[in-house]
Amino acid sequence: MVTEGIRQIAVLGGGAWGTALANLAARAQPSVQVALWARNASHVEEMSATGVNARYLPGVPLLSNIRPTADLADTSNADVILAVVPAQTLRSTLEALAAHIKPGAPIIICAKGIEHSSGLFLSEVAASILPDHPPAVLSGPSFASDVASGLPTAVTLAALDGELAAELASLLSTPWFRLYSSTDLRGAEIGGAAKNVLAIANGVAAGRGLGASAGAALLARGFAELSRFGIALGAEPKTLMGLSGLGDLVLTCTSPMSRNFSLGVSLGRGMTLEEATQRSGLTEGVHTCGVLVDLANAKRVDMPIASAVDAVLAEQITIDEAIAALMTRPSKAEFGEIR
Ligand SMILES: NC(=O)c1ccc[n+]([C@@H]2O[C@H](COP(=O)([O-])OP(=O)(O)OC[C@H]3O[C@@H](n4cnc5c(N)ncnc54)[C@H](O)[C@@H]3O)[C@@H](O)[C@H]2O)c1
Ligand SMILES: O=P(O)(O)OC[C@H](O)CO
């Protein structure tokens with residue numbers, strides 16, 4: 001059993017989600033030491049001195065069994081690793097971790113995205129660098145500030161080995177954070193990656209004042225294309241209907257707390273991508289959009305909404321042209337189409 005006798009958990013990534021998950025792990029396992037690794041030494045010093053991550057999760061005290069560190073060697077006793085760095089930096093972080101990681105320690109990927117330089121899903125990135133460490137995925141509708149405030153939240157924890165998935169789920173479980181285990185690793189990571197791109201479209205519609213009907217239509221048709229993509233890439237349909245798929249899509253496409261949705265709102269109101277990014281912070285959908293569309297095209301999966309987001313972000317078409325193009329596609333059956 002992986003979690004029996006566990007002494008240390010390491011969280012890689014000192015952002016909002018890494019910090020919320022470190023606190024969660026520290027609360028779920030009060031006798032376990034939690035190493036919270038962040039790359040910036042002055043940020044770590046600040047967190048150690050104040051007991052708060054004021055840069056990314058202000059107002060939330062770090063629990064006493066959390067130790068912030070900028071040195072990956074401090075994670076070498078960790079029995080479980082949570083990887084919570086931005087998706088495009090997972091590779092470099094795990095490459096640096098390789099010299100320190102405890103043999104066999106599972107890696108729970110908590111970032112959401114697809115690596116744009118390789119087209120690999122994040123569990124594939126992890127497996128390519130650390131093949132002897134089983135990858136798992138934690139994904140689902142969950143804002144760091146909600147989890148840090150103890151608001152009820154439910155997510156999916158997937159690993160190919162069902163027993164490991166269940167163990168990791170119970171390791172991080174608290175009365176307000178409920179994890180459902182799954183063996184559909186690919187399905188769980190596809191939902192989290194695709195929903196960020198689709199949320200940008202919903203944000204654009206909101207920012208442009210297109211109305212609630214348009215928002216609902218985008219959500220439903222966005223789910224249709226997320227499902228087509230997921231099934232073509234090996235996801236189980238029921239996973240796509242679950243927390244990591246539909247659940248996260250609904251949250252991200254409808255909440256102004258989402259950075260991806262907010263970026264879309266800013267774009268819809270006429271800001272440039274640079275201005276919108278500065279305002280929203282980390283927007284994984286921007287970095288995953290192009291590779292998502294490339295993978296869909298390679299599998300001949302039609303993703304008109306994601307493709308429209310990609311074309312708008314690349315400044316190939318304007319927002320108004322994208323809306324017109326989506327609305328004037330040839331009429332077709334709502335269901336039954338394969339692509
Ligand atoms: N914030 C949330 O509510 C939330 C919820 C679920 C999942 N996620 C996912 O978690 C991941 C991290 O998001 P976040 O909200 O914590 O981001 P954030 O913007 O709050 O923090 C990002 C962190 O990554 C660090 N970082 C940047 N480049 C790095 C690099 N090259 N190497 C190592 N660290 C680097 C930054 O210094 C910062 O500490 C994303 O993939 C996001 O989609 C976030
Ligand atoms: O703020 P976002 O758009 O990165 O979304 C955060 C989480 O992924 C929501 O589940």
Side-chain angles (χ1 to χ4, degrees), residues 11-24 36-44 46-47 53-58 60 68-70 72 75 82-97 108-116 121-122 125 137-149 151 153-157 172 177 179 188-189 191-203 243-266 276-289:
V11 176
L12 309 182
W17 192 221
T19 309
L21 288 175
N23 250 10
L24 186 83
L36 174 57
W37 175 84
R39 62 180 172 153
N40 184 321
S42 69
H43 181 206
V44 167
E46 223 174 86
M47 287 194 278
N53 183 352
R55 293 190 195 187
Y56 289 97
L57 198 62
V60 177
T69 178
L72 279 172
T75 67
L82 275 69
V84 206
V85 293
Q88 307 306 328
T89 71
L90 180 70
R91 178 176 292 279
S92 58
T93 304
L94 294 185
E95 281 170 352
L97 178 74
I108 309 177
I109 293 151
C110 309
K112 295 174 179 172
I114 303 170
E115 190 178 56
H116 63 62
F121 290 99
L122 299 184
V125 173
V137 165
L138 187 160
S139 194
S142 46
F143 286 131
S145 57
D146 288 350
V147 174
S149 310
L151 297 177
T153 307
V155 299
T156 304
L157 189 310
L172 297 173
F177 195 73
L179 300 102
E189 62 187 336
K195 64 89 186 175
N196 283 333
V197 175
L198 298 166
I200 294 174
N202 267 79
L243 291 162
S244 61
L246 183 59
D248 211 357
L249 182 72
V250 169
L251 177 75
T252 317
C253 286
T254 60
S255 171
M257 277 170 66
S258 156
R259 294 164 294 189
N260 289 282
F261 179 86
S262 304
L263 176 118
V265 170
S266 300
T277 306
Q278 256 172 20
R279 201 186 172 100
S280 300
L282 177 67
T283 38
E284 292 284 27
V286 172
H287 306 293
T288 282
C289 192

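Counting starts at 1 for both ligands and their atoms, in listed order.
The CG atom of Leu21 sits 10.0 Å away from the CG atom of Leu57 when rounded to the nearest 0.5 Å. To the nearest 0.5 angstrom, Asp248 atom CG is 11.0 Å from Leu198 atom CG. Between the OG1 atom in Thr19 and the OH atom in Tyr56 there is a gap of 9.5 Å [rounded to 0.5 Å]. To the nearest 0.5 Å, atom CG of residue Leu72 and atom OG1 of residue Thr93 are 7.5 Å apart. Here Leu251 contributes atom CG and Phe143 contributes atom CZ; the two are 4.0 Å apart, rounded to the nearest 0.5 Å.
In Trp17, the parts holding a heavy atom less than 4.0 Å from any atom of ligand 1 are both the side chain and the backbone. Residue-level proximity to ligand 1 for Lys112 is carried by backbone and side chain together, each with a heavy atom below 4.0 angstrom. Contacts with ligand 1 closer than 4.0 Å are made by no heavy atom of Arg55, backbone or side chain. Here Leu251 has side-chain heavy atoms under 4.0 Å from ligand 2, and that is the only part of it that gets that close. With a 4.0 Å heavy-atom cut-off, ligand 2 is reached by no atom of Leu282.
Listed for the Ser42 side chain is no donor-acceptor partner under 3.5 Å among the backbone atoms of Asn40. Under a 3.5 Å cut-off, the side chain of Lys112 and the backbone N or O of Gly140 do form a donor-acceptor pair. In this structure, the side chain of Glu189 does not engage the main chain of Val137 through any donor-acceptor pair within 3.5 Å. Side-chain atoms of Thr288 come within 3.5 Å of backbone N or O of Ile114 as a donor-acceptor pair. For Thr254 (side chain) and Val250 (main-chain N/O), a donor-acceptor pair under 3.5 Å exists by modelled atom type. Using a distance-only test at 3.5 Å, with no hydrogens or angles considered, a donor-acceptor pair links the side chain of Ser258 to the main chain of Phe261. With Gln88 contributing its side chain and His116 its backbone, the two residues share a donor-acceptor pair below 3.5 Å. Judged purely by atom type and a 3.5 angstrom limit, Trp37 uses its side chain to pair as donor or acceptor with the backbone of Ala70. Panel note: side chain Ser280, backbone Leu263; a donor-acceptor pair is recorded below 3.5 Å. Between the side chain of Asn53 and the backbone N or O of Gly14, at least one donor-acceptor pair lies under 3.5 Å.
At least one heavy atom of Arg259 lies less than 4.0 angstrom from ligand 1. Using 4.0 Å as the threshold, Ser92 has no heavy atom nearer than that to any atom of ligand 1. Residue contact annotation: Pro141 has a non-hydrogen atom under 4.0 Å from ligand 2. Between Gly14 and ligand 1 there is a heavy-atom distance shorter than 4.0 Å. For Glu284, the closest heavy-atom approach to ligand 2 does not fall below 4.0 Å. Put simply, no part of Asn40 is less than 4.0 Å from ligand 1, judged by heavy atoms. Ligand 2 lies nowhere less than 4.0 angstrom from a heavy atom belonging to Gly192.
Below 3.5 Å of separation, one finds an N or O of Gly140 facing an N or O of ligand 2. Checked by distance only, ligand 2 and Lys195 come closer than 3.5 Å through their nitrogen or oxygen atoms. Residue-to-ligand polar distances place Ala16 within reach of ligand 1: an N/O pair is separated by less than 3.5 Å. Distances between N or O atoms of Phe143 and those of ligand 1 include no value under 3.5 Å. At least one N/O-N/O distance between Glu284 and ligand 1 falls below 3.5 Å.
In the vicinity of Val85, heavy-atom distances shorter than 4.0 Å reach the ligand 1 atoms 33 (C), 34 (N). Listed by number with element, the atoms of ligand 1 under 4.0 Å from a non-hydrogen atom of Ala144 are 1 (N), 2 (C), 3 (O). Remark: ligand 2 atoms within the under-4.0 Å shell around heavy atoms of Lys112 are 7 (C), 8 (O), 9 (C), 10 (O). Heavy-atom proximity to Ser142, at under 4.0 Å, picks out these atoms of ligand 1: 3 (O), 5 (C), 6 (C). Close contacts of ligand 2 with Asp248, meaning ligand atoms under 4.0 Å from a residue heavy atom, involve 9 (C), 10 (O). Every atom of ligand 2 with a heavy atom of Ser258 under 4.0 Å away is listed here by number and element: 1 (O), 2 (P), 3 (O).
For atom 24 (O) of ligand 1, the nearest non-hydrogen atom from the set Pro86, Gly13, Ser280 belongs to Pro86. Considering each of Thr19, Thr89, Val84, Asp248, the one bringing a non-hydrogen atom nearest atom 31 (N) of ligand 1 is Thr89. The nearest non-hydrogen atom to atom 11 (C) of ligand 1, considering only Ala111, Ser145, Gly285, comes from Ala111. Which of Cys110, Gly15, Gly192 comes nearest to atom 9 (C) of ligand 1 through a heavy atom is settled by distance: it is Cys110.
Nearest approach of Ala20 to Ala144, heavy atoms of both residues: CB-O, 3.7 Å.
For atom 4 (O) of ligand 2, the closest non-hydrogen atom of the protein is Arg259 NH2, 3.0 Å. At the shortest separation from atom 36 (C) of ligand 1 among protein heavy atoms lies Tyr56 OH, 3.6 Å. When only non-hydrogen protein atoms are considered, atom 13 (O) of ligand 1 lies nearest to Leu282 CD2, 3.5 Å. Of the protein's non-hydrogen atoms, the one nearest atom 34 (N) of ligand 1 is Arg39 CD, 3.6 Å.
Two residues are said to be in side-chain contact when any heavy atoms from C-beta on lie closer than 4.5 Å; Leu243 and Val155 fail this criterion. Here the side chains of Leu172 and Leu138 are in contact, with some heavy-atom distance below 4.5 Å.
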